[in-house]
Amino acid sequence: QVQLVESGGGLVQAGGSLRLSCAASGTIFSIKAMGWYRQNPEKQRELVATISSVGITKYADSVKGRFTISRDNAKNTVYLQMNSLKPEDTAVYYCNANIQTSRSLFPVDYWGQGTQVTVSS
């Protein structure tokens, strides 16, 4: 069984910074892409940033230049450094990882439980 555990959310003023972490644990054989998504009550879940197993990154236009995704493969952990936060960044942030376990033939997407990020104006 695989678990993704997120941490680092909270309340911050506009212009501030937060760092999210997501650690994968369980019977992991390999982790392909990892990423962060977000959702607020007014929108569907949207991609924030992804990072491949070799470090190739992709960002939503709305966060380019402000957010940085990184990963530590030795720790099975992905990070999201969020700077210059805006009220419109307020959402529940979900970690996603494409993981192949020792029991699966193909990689499967796993999701974290979500962590709330609130940016006050």
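Numbering starts at 1 and runs along the sequence shown.
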Asks: Answer with yes or no whether the hydrophobic clustering places Val2 together with Val78; edges join I, L, V, M, F, W, Y residues whose side-chain heavy atoms lie under 4.5 Å apart.
Replies: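 Yes, Val2 and Val78 fall within the same hydrophobic cluster.
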Asks: Taking ring-ring contact (aromatic ring centres under 6.0 Å, His included) as the test, write out the residues that go with Tyr37, two or more places apart.
Replies: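 Partners of Tyr37 under the ring-ring contact (aromatic ring centres under 6.0 Å, His included) test: Trp111.
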Asks: Side-chain heavy atoms under 4.5 angstrom apart, residues restricted to Ile, Leu, Val, Met, Phe, Trp, Tyr: same cluster for Leu47 and Val92?
Replies: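 As far as the 4.5 Å side-chain criterion goes, Val92 and Leu47 are connected within one cluster.
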Asks: Quick one: pull up OG in Ser17 and CG in Leu85 and give me the separation to the nearest 0.5 Å.
Replies: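 The distance works out to 6.0 Å.
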Asks: Under a 4.5 Å cut-off applied to non-hydrogen side-chain atoms, are Tyr110 and Asn96 in contact?
Replies: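 No, every pair of side-chain atoms sits at 4.5 Å or beyond.
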Asks: Listed by chain and number, what are the side-chain contact (heavy atoms from CB on, under 4.5 Å) partners of Ile56, not counting sequence neighbours?
Replies: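 Once residues adjacent in sequence are excluded, the partners of Ile56 under the side-chain contact (heavy atoms from CB on, under 4.5 Å) criterion are Ser52, Val54.
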Asks: Could I get the full list of side-chain hydrogen bond (donor to acceptor under 3.5 Å, both in side chains) partners for Glu88, not counting sequence neighbours?
Replies: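 Here no residue qualifies.
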Asks: Throw together a table of side-chain donor-acceptor distances under 3.5 angstrom for residues 114-121, partners on residues two or more places apart or in other chains.
Replies:
{"residue": "Thr115", "atom": "OG1", "partner": "Gly9", "partner atom": "N", "Å": "3.4"}
{"residue": "Gln116", "atom": "NE2", "partner": "Ala91", "partner atom": "O", "Å": "3.4"}
{"residue": "Gln116", "atom": "NE2", "partner": "Thr118", "partner atom": "OG1", "Å": "3.3"}

Asks: Could you work out, with salt bridge (Lys or Arg N to Asp or Glu O under 4.0 Å) as the rule, every residue matching Glu46, not counting sequence neighbours?
Replies: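 Glu46: salt bridge (Lys or Arg N to Asp or Glu O under 4.0 Å) contacts with Arg38.
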Asks: With side chains defined as the heavy atoms from C-beta onward, is the minimum distance between Asn73 and Ile31 less than 4.5 Å?
Replies: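 The answer is no; the side chains never approach within 4.5 Å.
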Asks: If you look only at pairs with a residue in residues 14-104, which of them pass as a disulfide bond (SG atoms under 2.5 Å apart), with sequence neighbours excluded?
Replies: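 Every pair satisfying disulfide bond (SG atoms under 2.5 Å apart) with a residue in residues 14-104: Cys22-Cys95.
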Asks: Between Asn76 and Ile28, is any pair of side-chain heavy atoms under 4.5 Å apart?
Replies: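 Yes, close enough: below the 4.5 Å cut-off.
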Asks: Taking all non-hydrogen atoms of both residues, which atom of Ala24 and which atom of Ile99 are closest, and how far apart?
Replies: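 Scanning both residues, the minimum pair turns out to be CB-CD1, 4.2 Å.
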Asks: Please tabulate, for the side chains in residues 101-109, all donor-acceptor contacts under 3.5 angstrom to protein atoms that are two or more places apart in sequence or on a different chain.
Replies:
{"residue": "Thr101", "atom": "OG1", "partner": "Arg103", "partner atom": "N", "Å": "3.2"}
{"residue": "Thr101", "atom": "OG1", "partner": "Ser104", "partner atom": "N", "Å": "3.3"}
{"residue": "Thr101", "atom": "OG1", "partner": "Ser104", "partner atom": "OG", "Å": "3.3"}
{"residue": "Ser104", "atom": "OG", "partner": "Thr101", "partner atom": "N", "Å": "3.1"}
{"residue": "Ser104", "atom": "OG", "partner": "Thr101", "partner atom": "O", "Å": "3.4"}
{"residue": "Ser104", "atom": "OG", "partner": "Phe106", "partner atom": "O", "Å": "3.2"}
{"residue": "Asp109", "atom": "OD1", "partner": "Asn98", "partner atom": "ND2", "Å": "2.9"}

Asks: Tell me, which pairs form a ring-ring contact (aromatic ring centres under 6.0 Å, His included) where one or both residues lie in residues 75-99, sequence neighbours left out?
Replies: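 Sorted result for residues 75-99: empty, none.
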Asks: Before giving the answer on side-chain contact (heavy atoms from CB on, under 4.5 Å), spell out for Leu20 and Met82 the whole-Å C-alpha distance, their side-chain angles and the decisive distance to 0.1 Å.
Replies: CA-CA 8 Å; Leu20 305 183; Met82 304 185 292; 3.7 Å; yes
Asks: Side chains of Thr77 and Asp72: any donor to acceptor distance under 3.5 Å?
Replies: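 No, because no side-chain N or O of Asp72 sits under 3.5 Å from a partner of the opposite role on Thr77.
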Asks: Give, for atom CZ of Arg66 and atom CD of Gln81, the distance between the pair rounded to the nearest 0.5 Å.
Replies: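 Between atom CZ of Arg66 and atom CD of Gln81 there are 12.0 Å.
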Asks: For Arg19, enumerate each residue passing the side-chain hydrogen bond (donor to acceptor under 3.5 Å, both in side chains) test, keeping only those at least two apart in sequence or located in another chain.
Replies: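 Arg19: no side-chain hydrogen bond (donor to acceptor under 3.5 Å, both in side chains) contacts found.
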Asks: Under the rule for side-chain contact (heavy atoms from CB on, under 4.5 Å), what residues qualify as partners of Ala33, not counting sequence neighbours?
Replies: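 Ala33 satisfies side-chain contact (heavy atoms from CB on, under 4.5 Å) with no other residue.
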Asks: Once rounded to the nearest 0.5 Å, what's the spacing between atom CG of Leu18 and atom CG of Leu80?
Replies: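 Answer for the CG-CG pair, Leu18 versus Leu80, is 9.5 Å.
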Asks: Which residues satisfy the side-chain contact (heavy atoms from CB on, under 4.5 Å) test with Lys64, sequence neighbours excluded?
Replies: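 Lys64 satisfies side-chain contact (heavy atoms from CB on, under 4.5 Å) with Tyr59, Asp61 only.
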Asks: Hey, could you give me the CE/OG1 distance between Met34 and Thr57, rounded to the nearest 0.5 Å?
Replies: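 These two atoms lie 14.5 Å from each other.
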Asks: With sequence neighbours left out, write down each residue that passes side-chain contact (heavy atoms from CB on, under 4.5 Å) with Ser53, or none if nothing qualifies.
Replies: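 Partners of Ser53 by the side-chain contact (heavy atoms from CB on, under 4.5 Å) criterion, ordered by chain and then number, come out as Arg71.
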